[in-house]
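A short worksheet on the structure shown next.
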Amino acid sequence: MGSRASSLLREEEIEEIKKETGFSHSQITRLYSRFTSLDKGENGTLGREDFQRIPELAINPLGDRIINAFFPEGEDQVNFRGFMRTLAHFRPIEDNEKNKDPTASEPLNSRINKLLFAFQLYDLDRDDKISRDELLQVLRMMVGVNISDEQLGSIADRTIQEADQNGDNSISFNEFIKVLEKVDVEQKMSIRFLH
Amino acid sequence: MPAFSCAFPGCRRDLLVIVLVVFVGIGLPIEASAPAYQSHGTEGSYLTNVTNTKKAFPVLAVNYKHVRQPFEIALWILLALLMKLGFHLIPRLSGVVPESCLLIVVGLLVGGLIKVIGEEPPVLDSQLFFLCLLPPIILDAGYFLPIRPFTENVGTILVFAVIGTLWNTFFMGGLLYALCQIESVGLGGVDLLACLLFGSIVSAVDPVAVLAVFEEIHINELVHILVFGESLLNDAVTVVLYNLFEEFAKVGTVTVLDVFLGVVCFFVVSLGGVLVGAIYGFLAAFTSRFTSHTRVIEPLFVFLYSYMAYLSSEMFHLSGIMALIVCGVVMRPYVEANISHKSYTTIKYFLKMWSSVSETLIFIFLGVSTVAGPHAWNWTFVITTVILCLVSRVLGVIGLTFIINKFRIVKLTKKDQFIVAYGGLRGAIAFSLGYLLSNRHQMRNLFLTAIITVIFFTVFVQGMTIRPLVELLAVKKKKESKPSINEEIHTEFLNHLLTGVEGVCGHYGHYHWKEKLNRFNKTYVKRWLIAGENFKEPELIAFYRKMELKQAIMMVESGQLPSALPSTISMQNIQPRAIPRVSKKREEEIRRILRSNLQNNKQKMRSRSYSRHTLFDADEEDNVSEVRLRKTKMEMERRMSHYLTVPANRESPRPGVRRVRFESDNQVFSADSVPTVHFEQPSPPSTPDAVSLEEEVPKRPSLEADIEGPRGNASDNHQGELDYQRLARCLSDPGPNKDKEEDDPFMSC
């Protein structure tokens with residue numbers, strides 16, 4: 001199984017993914033075997049039901065949203081490139097990357113892109129704002145069913161009011177960044193993939 | 001007080017300090033000479049009894065022997081605290097020199113004084129130290145240990161604690177042995193095992209010293225937890241090495257089996273300590289579940305279980321410090337969910353108080369013991385020890401960081417490494433261990449002298465210079481940030497996200513196990529250890545309520561709550577018609593809910609207190625305003641029974657349910673002012689209700705969700721009332737009734 005999997009992944013594809021996402025060779029092959037183990041239909045792409053089969057996602061309050069984040073706009077299948085592109089956001093920021101020339105495009109795992117990824121998980125309608133309803137939805141998913149709507153509502157209002165600076169009663173991306181400036185996003189949004 | 005007026009501001013303060021010094025100067029000779037006096041006294045009375053059959057009834061007699069020991073103890077503690085008081089009155093001094101240094105100097109002076117008088121200065125008795133002085137400090141540290149940074153860095157901390165200490169021991173022991181081999185030094189008699197024993201004593205970073213120095217420099221959380229965690233966890237290593245080398249030194253030879261047993265012993269000591277601590281921690285948590293009727297003794301359970309954990313593990317030669325830490329960490333979340341707010345405050349203050357006293361006494365005694373102790377000075381040995389301490393620490397930190405950084409997401413920078421290395425202070429534990437060395441070791445005095453020198457060097461030189469160095473190197477300081485609901489929500493959001501992504505990758509990492517632990521905790525453990533229904537509450541909600549409470553208290557404090565008297569008066573006329581009758585049962589229910597709310601709110605206050613001198617600000621405000629609150633509480637309670645209506649019960653939303661809010665008024669104290677009540681419809685019409693007070697406030701879809709904003713007086717009014725309402729709600733007596741609060745532990749705000 002393992003050898004068949006890696007033979008399906010061509011060298012030039014690995015190189016492209018490497019350039020795009022910054023993962024190393026071993027990481028890519030490792031994740032490819034994970035990809036194929038999830039791919040029960042063996043057609044080279046993952047559908048939503050493949051993700052839903054993962055037990056950790058089933059019990060995760062944000063499970064559905066995370067699954068959706070892997071699928072590009074309107075599509076129902078994701079191939080390995082897309083899979084890696086999403087996972088690239090969670091690569092730890094390395095020191096040597098910080099010194100790269102500023103003219104190169106922002107790597108996928110930069111702080112801004114990590115925050116953007118998280119922001120888009122809140123902001124489902126992609127209007128670049130987290131509205132009160134979107135926030136309420138997320139809160140409801142996180143705290144469960146025992147809390148009353150009013151209480152959640154007041155938390156949501158308090159949250160928006162704390163972050164909102166331009167008075168539009170919603171959180172824009174810049175306000176989101178500002179609110180999280182004290183949180184160590186580089187650490188909190190990184191998974192130590194094995195080197 | 002002298003009658004002359006002070007010409008300049010600092011004068012009074014200096015005067016007080018002089019008075020203190022004089023007091024100390026007088027107090028000690030009295031105490032020191034007391035034993036001499038006491039013996040004369042008894043003899044004298046005996047003689048008089050024999051010679052005179054009847055003597056005049058002694059109206060006034062002195063019997064010092066009777067109270068001698070407690071008197072001396074109390075006097076020592078009192079003098080120590082007066083010294084501490086004196087230091088903080090001299091701001092210039094306390095800004096430059098860390099308190100620990102000053103206390104040691106005072107100890108030196110006191111020791112010198114006693115010696116001059118001709119008495120024998122008391123030495124820091126090891127038993128006293130380990131059984132009485134050390135536990136409060138460690139418990140304080142363990143109970144208030146910041147869990148999140150600790151668990152995030154636990155790998156690094158363990159590596160520093162275990163491997164770092166081992167490295168230090170062998171490096172120092174080995175090099176000192178090599179030194180002793182040199183003929184010119186004249187220490188030929190010292191064998192390898194003795195040197196290694198010495199190395200093990202002197203190489204461990206001391207939690208007391210680290211706490212004392214670091215809490216004044218407010219360094220960033222990462223470095224603080226690294227050094228501090230290391231100082232706590234290296235106790236296991238120190239215990240094992242010390243006992244090991246002592247045993248070997250007795251026997252004189254080491255076999256491979258002994259080494260192997262040593263390694264096994266290490267695991268037994270550390271894991272055993274952890275286990276003992278965990279057992280007592282769970283016991284304490286379980287006990288606290290049933291204390292709702294006996295609130296007064298709740299703090300005692302915390303203290304006693306912890307102390308028992310320490311003593312039990314010391315009994316088995318396990319690591320007492322680790323047991324104590326684990327006990328505190330394990331019991332804290334459950335105990336805090338169960339005990340009343342007052343008990344929580346008591347625990348916090350007592351722990352801070354005891355640890356403060358302990359620390360002060362330790363440093364003073366260290367100074368006194370220096371004067372007292374037998375000394376054998378050997379320039380080479382002592383100087384080499386000091387230098388080797390520094391060198392081995394620096395090398396150890398650099399080497400280990402190099403390895404550790406390969407596994408860390410956030411690497412340790414050079415500055416971090418420097419502070420970690422420089423902050424490795426030695427303290428009283430090393431001294432006590434050295435003192436415990438039996439006299440068999442011919443080098444005991446030499447070792448003691450060297451240990452004291454190292455301690456002095458680290459505490460004075462390193463302790464004093466670390467603050468300017470931190471400034472100089474521009475090391476990141478602790479971020480003083482208000483708790484932000486945004487950060488809390490987004491952090492939890494990211495936690496879930498990362499757990500999910502880890503699941504997708506099939507990678508069982510940090511988040512995965514944390515999530516598993518949380519789930520286990522929620523489903524099984526909390527059920528057993530937390531009283532009532534509180535175990536269901538999500539952390540986010542608890543955090544939010546804590547924030548709201550703090551803010552409400554701050555608003556009461558700053559007097560922002562308006563009285564709005566005119567509207568009150570107009571309301572009073574309308575009121576009697578508008579208020580429906582409240583049934584007794586309803587009333588009881590409401591009162592019960594309010595009480596439980598207070599308990600939930602107030603005891604979720606998390607404190608991030610490292611500091612010995614000041615507690616977390618909000619709690620200070622809390623306590624200051626507590627007096628005011630208590631007065632209003634009485635009035636509120638009385639009136640609640642008259643004016644309360646149905647609160648919104650989430651399970652049964654009655655049609656037209658009205659929310660109750662109290663008009664905030666500063667004149668609650670007066671008997672004739674009536675707190676007014678206004679009603680909001682759950683789905684408010686665009687026109688204000690006749691009974692509603694909100695004419696000025698622009699209507700919004702969900703009224704009580706209208707939280708503060710810099711939107712003008714009306715909204716402030718509104719917000720103030722909202723907060724005051726929550727506050728009023730929280731004013732009932734802490735302590736839930738034992739009968740169930742099934743329905744709705746959360747009052748919807």
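Predicted model only: the values in this text are computed from it and were never measured.
Counting non-hydrogen atoms of neighbouring residues, nucleotides and ligands closer than 6.0 angstrom, the NZ atom of A/Lys40 exceeds 12 such neighbours. In A/Asp39, the CG atom is crowded: over 12 heavy atoms of neighbouring residues, nucleotides or ligands sit closer than 6.0 Å.
Using a 4.5 Å cut-off between heavy atoms, A/Ile171 touches chain B through its side chain atoms alone. B/Glu152 touches chain A through its side chain: at least one heavy atom from C-beta onward sits under 4.5 Å away, while N, CA, C and O do not. Only the side chain of A/Phe83 comes within contact range of chain B, with at least one heavy atom under 4.5 Å from a heavy atom of that chain. Only the side chain of A/Val138 comes within less than 4.5 Å of a heavy atom in chain B; its backbone stays farther off. Only the side chain of A/Ile59 comes within less than 4.5 Å of a heavy atom in chain B; its backbone stays farther off.
The candidate with the highest count of non-hydrogen atom pairs below 4.5 Å against chain B, out of A/Tyr122, A/Phe117, A/Phe51, A/Phe70, is A/Tyr122. Among the candidates B/Glu515, B/His512, B/Arg408, the residue making the largest number of heavy-atom pairs closer than 4.5 Å to chain A is B/His512.
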With side chain to side chain contact (heavy atoms under 4.5 Å, CB included) as the criterion, how do B/Phe493 and A/Leu139 come out once you've worked through the C-alpha distance, each side chain's angles and the decisive distance to 0.1 Å?
CA-CA 9 Å; B/Phe493 180 83; A/Leu139 280 176; over 6 Å; no
### Message
Go through it in stages, so that I can follow the logic: the residues are A/Met142 and B/Ile489, the test is side chain to side chain contact (heavy atoms under 4.5 Å, CB included), and I'd like the CA-CA distance, side-chain angles, deciding distance and then a yes or no.
### Response
CA-CA 9 Å; A/Met142 290 205 293; B/Ile489 292 181; 3.8 Å; yes
Practice problem: Apply the test side chain to side chain contact (heavy atoms under 4.5 Å, CB included) to residues A/Met189 and B/Leu494: give CA-CA distance (whole Å), side-chain angles for both, the deciding distance (0.1 Å), then the verdict. | Solution: CA-CA 7 Å; A/Met189 276 196 74; B/Leu494 289 178; 3.6 Å; yes
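The CG atom of A/Leu87 lies 4.5 Å from the SG atom of B/Cys505; values are rounded to the nearest 0.5 Å. Of the inter-residue distances, the one linking B/His490 atom NE2 with A/Leu180 atom CG reads 5.5 Å to the nearest 0.5 angstrom. We find the CG-NZ distance between B/Asn486 and A/Lys178 to be 11.5 Å, quoted to the nearest 0.5 Å. A distance of 7.0 Å separates CG in A/Leu62 from CG in B/Leu497, rounded to the nearest 0.5 Å.
The heavy-atom pair separating A/Ile66 from B/His496 by the smallest distance is CD1-O, 4.0 Å. Across every non-hydrogen atom of B/Glu487 and A/Val179, the tightest pair is CG-O, 3.9 Å. Between A/Ile54 and B/Gly503 the shortest heavy-atom distance is CG2-O, 3.7 Å. A pairwise comparison of heavy atoms in A/Asn60 and B/Gly500 identifies ND2-N, 3.2 Å as the closest pair. Smallest separation of non-hydrogen atoms from A/Leu57 and B/Val504: CD1-CG2, 3.6 Å. Annotation for B/Leu498 and A/Ser190: closest pair CD1-O, 3.8 Å, computed over non-hydrogen atoms.
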